[in-house]
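As structure tokens, the structure follows; a few thoughts come after it.
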Amino acid sequence: MGSFIKPGQRKAAAFGISFDTDRDGTSAPAVIDGEKQSNLLHQRNRLPVTKYQREILYLLERHSCTVLVGETGCGKTTQVPQMLLEAGWAAGGRSIACTQPRRVAAITVATRVAEEQGCTLGREVGYKIRFEDVSTPGVTKLKYCTDGSLLREMMDDPLLTAYSVIMVDEAHERSLSTDLLLGLLRKVIAQRPDLRILISSASLEAEKVAAFLDARTVKATRKRDRNASSGPGPMGDALVTATNGPDGDPADLATPAILSVEGRLHPVQVHYLEEPCADYVVTAVETTVELHREGIPGDILIFLTGQEECERAVALLEEEAGRLRRVGGKNALRIMPLPLFAGLPAAQQMLALEAAPRNYRKVVAATNVAETSLTLEGVTFVIDACHVKQRTYNPRTGLEALLVAPISQASAQQRAGRAGRIRPGHCLRLCTQEAFSKLQQATVPEMQRAELAGTVLQLKALGIDNMMRFHWLAPPPAEAMVRALELLHSLGALDDDARLSKPLGCQMAELPLEPRLAASLLAAGRFGCGQEIATICAMLSVHSVWASGGGQRRAIEEAQAKFSTAEGDLVTYLNVWKAWEDSGRNRKWAERNMLSQRVLLRAADIRGQLLYHLRRLGMEPISCENEVAAVCKAITAGLFSYATRLEGTIYESVDADYSGTNSYSLVRGTGGQAVRLRIHKSSVLWRVRPSMLVFHTVQQGPSGWHEMQDVTAIQPEWLPEIAPHMFQSVTRPRPQPGGT
DNA sequence: GAGCACTGC
């Protein structure tokens with residue numbers, strides 16, 4: 001078992017863990033206590049950000065862009081937009097937008113603010129996310145929206161003329177859409193001197209964002225002002241570090257300001273392992289048991305990387321819980337282990353989020369959901385395995401993979417903060433302090449580790465043609481950009497001059513789908529199966545429709561078998577959909593067939609939206625009824641870049657009855673990189689060995705194999721027929737027996 | 001031979 005040290009401290013006495021400031025629980029410095037107040041106004045006034053009202057309004061008046069550095073819980077998301085509202089920034093027919101990276105956040109914050117403003121949600125204060133526009137044109141002054149939906153709005157109104165202020169919240173998360181939004185806003189402010197941009201970010205990113213938005217560099221080509229020094233701002237004691245000239249200098253407007261607001265998190269003491277651990281799941285469980293024995297109250301949150309690890313940790317904790325029950329007395333505190341990951345059905349997620357029953361200490365084994373999307377109250381201890389499962393894109397092979405990687409220090413800090421929401425807490429990192437100091441400071445922005453085809457298509461649709469000259473907050477690798485352009489060209493979205501093609505490229509950009517699926521959907525008209533492809537695209541846009549979650553694997557497999565077809569997973573989804581429709585979208589039917597009604601309803605929403613878009617583009621989607629080949633051809637029209645052929649069977653194991661793995665390779669090649677593909681276990685074609693297939697997603701597991709998910713069997717002669725520019729001759733699978 | 005980080009339009 002690992003023992004922990006705290007920086008600057010001697011080794012602890014018991015269990016290797018020291019809790020010097022904890023027992024009295026009162027060592028928190030000048031923190032506002034959690035006393036309940038019924039008066040909303042009073043509560044608002046107590047939020048740290050409220051003290052900075054004057055400064056914020058002053059800076060907004062004088063600077064096009066202001067970066068707000070605010071720690072968690074300082075109230076910026078709810079209070080700052082209200083300050084602007086009350087200061088009259090939404091007068092004159094324009095409104096204030098505040099973007100959020102996630103839908104739930106947009107809804108909950110808007111609801112809260114409407115309450116504080118004493119108005120009906122959807123009137124003066126509203127929100128807008130996909131499928132839900134709870135705002136009233138001409139009435140709504142403050143709108144919370146997802147950054148993705150604001151990007152969509154920009155397609156119709158590139159200068160965002162409907163708004164006087166755009167607040168980009170949680171910009172430090174550096175999601176694809178926030179980075180894209182910031183790049184675009186940088187261009188917008190050059191043409192809209194009346195527009196104000198507020199960016200809320202963590203301290204690490206603030207300088208970078210401010211430098212990026214400096215208007216003096218916007219028009220200048222390539223040159224960046226190195227003299228933008230941080231000096232004391234005009235507001236005296238406030239932490240204003242505006243990179244501005246003297247008062248009244250017209251340069252003020254052009255230079256971004258930075259304002260720091262302290263949070264109201266309680267201090268969290270950090271501990272490190274003295275020696276590295278071999279298995280962080282085991283160490284996390286052992287550490288949990290020791291903490292529990294220490295008897296300090298508070299729930300425990302363990303950060304792991306995936307479903308499997310969470311379930312393993314819970315299983316180990318259950319064993320320990322049993323042991324503790326036998327040892328402890330009748331009234332002893334018990335532990336209640338619970339898993340938490342995004343794929344978990346809502347009811348089980350709630351268990352992890354709700355307070356534990358009396359006499360129980362909740363121990364939640366969670367993935368990254370608990371770092372950003374979901375907040376657990378009552379957590380006093382965070383045990384952090386310091387790893388994360390991350391999406392990475394390899395531009396050489398053109399494939400994305402999910403890989404477990406060490407987290408960044410910024411991410412670790414965020415996770416630690418989860419222990420200090422209600423009282424001072426502890427964070428136990430399952431690595432040595434030395435190892436921790438070698439972690440990268442910040443997480444690599446998504447922009448630099450994702451496939452960019454969709455992003456490039458969106459930019460093209462906004463009239464930005466020169467990708468290489470676009471100012472990115474984090475420039476993506478040139479190779480990834482080239483790959484994106486190649487893919488869009490092969491799909492027909494770009495012409496030979498890399499300009500958005502008409503009408504195809506414009507139509508693709510219009511659809512809320514990744515480019516490959518958009519291409520399939522638009523090609524479906526040609527094959528007379530628009531209805532079917534809309535269904536398939538919708539099913540691919542949602543979480544798995546199969547009701548996952550705990551020990552029902554067999555039942556799911558049996559249910560799945562009822563709908564599966566030789567054509568593959570996508571046609572299987574089609575069968576599921578048709579059967580669900582025939583049942584009258586019956587919830588009971590869905591339950592009997594191990595399907596999630598909630599996910600199916602969401603798919604129905606998306607399907608409806610896709611059909612609406614097709615009609616708006618002047619295409620009436622028709623159904624091909626039983627022509628499965630037409631459906632598969634339309635699928636191929638979008639996914640041909642992911643066509644693979646069977647190479648043979650590889651025998652890696654020494655077991656006599658081991659049947660080997662059917663190995664596939666990309667028809668178009670992988671740029672000299674060796675890539676071994678196989679069908680993922682979840683596929684209905686797993687036991688089958690179609691000689692050629694297209695897949696929708698692939699992920700690289702720890703085995704080194706790229707595993708293809710959502711596969712569709714195709715005929716080799718379809719490729720040159722459907723994508724003649726990519727496949728000139730009839731491509732047949734090479735007859736090649738096993739590999740090594 | 002057994003599995004799916006997380007968002008978003």
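Lettering of chains follows the sequences in order, A, B, ..., and the numbering in each one begins at 1.
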Using whole Å, report how far CZ of A:R103 lies from C1' of B:dC6.
14 Å
Mind checking A:V388 for me? I need base, sugar-phosphate or nothing, with any heavy atom below 4.0 Å counting as a touch.
nothing
State whether a side-chain donor-acceptor pair under 3.5 Å links A:Y127 with A:E132.
yes
Could you tell me the separation between the CE atom of A:M447 and the P atom of B:dC6, rounded to a whole number of Å?
22 Å
Find the distance A:R687:CZ to B:dG3:C1' and express it as a whole number of Å.
14 Å
Which part of the nucleic acid does A:R391 contact within heavy-atom distance under 4.0 Å: base, sugar-phosphate only, or nothing?
base
Check every strand shown and say whether A:T372 touches a base, only sugar-phosphate, or nothing at a heavy-atom separation below 4.0 Å.
nothing
Heavy atoms under 4.0 Å, any strand shown: does A:T146 hit a base, just sugar-phosphate, or nothing?
sugar-phosphate
Assign A:S149 to base, sugar-phosphate, or nothing according to its heavy-atom contacts below 4.0 angstrom with the strands shown.
sugar-phosphate
Picking from B:dC9, B:dC6, B:dG3, the nucleotide nearest the side-chain atoms of A:T367 would be B:dC6
Could you check how far CH2 of A:W705 sits from C1' of B:dA2, rounded to whole Å?
16 Å
Counting side-chain heavy atoms from CB outward, which of B:dC9, B:dA2, B:dC6 is closest to A:R602?
B:dC9
Nucleotide nearest A:H680 (side chain, heavy atoms from C-beta), chosen from B:dC4, B:dT7, B:dC9:
B:dC4
Within the structure shown, what part of the strands sits under 4.0 Å from A:I129 by heavy-atom distance: base, sugar-phosphate, or nothing?
sugar-phosphate
Along DNA chain B (nearest heavy atom to each residue), the more 5'-positioned of A:E514 and A:K389:
A:K389
CD of A:E557 versus P of B:dC4: gap in Å, rounded?
15 Å
Give the rounded distance in Å between these two atoms: CD of A:Q414 and P of B:dC6.
16 Å
Could you check how far CZ of A:F341 sits from P of B:dT7, rounded to whole Å?
12 Å
With heavy atoms under 4.0 Å as the rule, sort A:Q709 into base, sugar-phosphate or nothing.
nothing
Please work out which of the three classes, parallel, tilted or perpendicular, describes the rings of A:H387 and A:Y280, given edges at 30° and 60°.
parallel
Across all chains, not counting sequence neighbours, the side chain to side chain contact (heavy atoms under 4.5 Å, CB included) partners of A:Y612 are A:R616
Interatomic distance, A:D605 CG vs B:dG8 C1' [rounded to whole Å]:
15 Å
Please figure out whether A:Q699 or A:F131 has its closest DNA chain B nucleotide nearer the 5' end.
A:Q699
Not counting sequence neighbours, which residues clear ring pair (Phe, Tyr, Trp, His ring centres under 6.0 Å) with A:F436? List them please.
A:Y272
Assess A:R449 against A:Y393: is NZ or CZ under 6.0 Å from the centre of the six-membered ring, and within 45 degrees of the ring's axis?
no
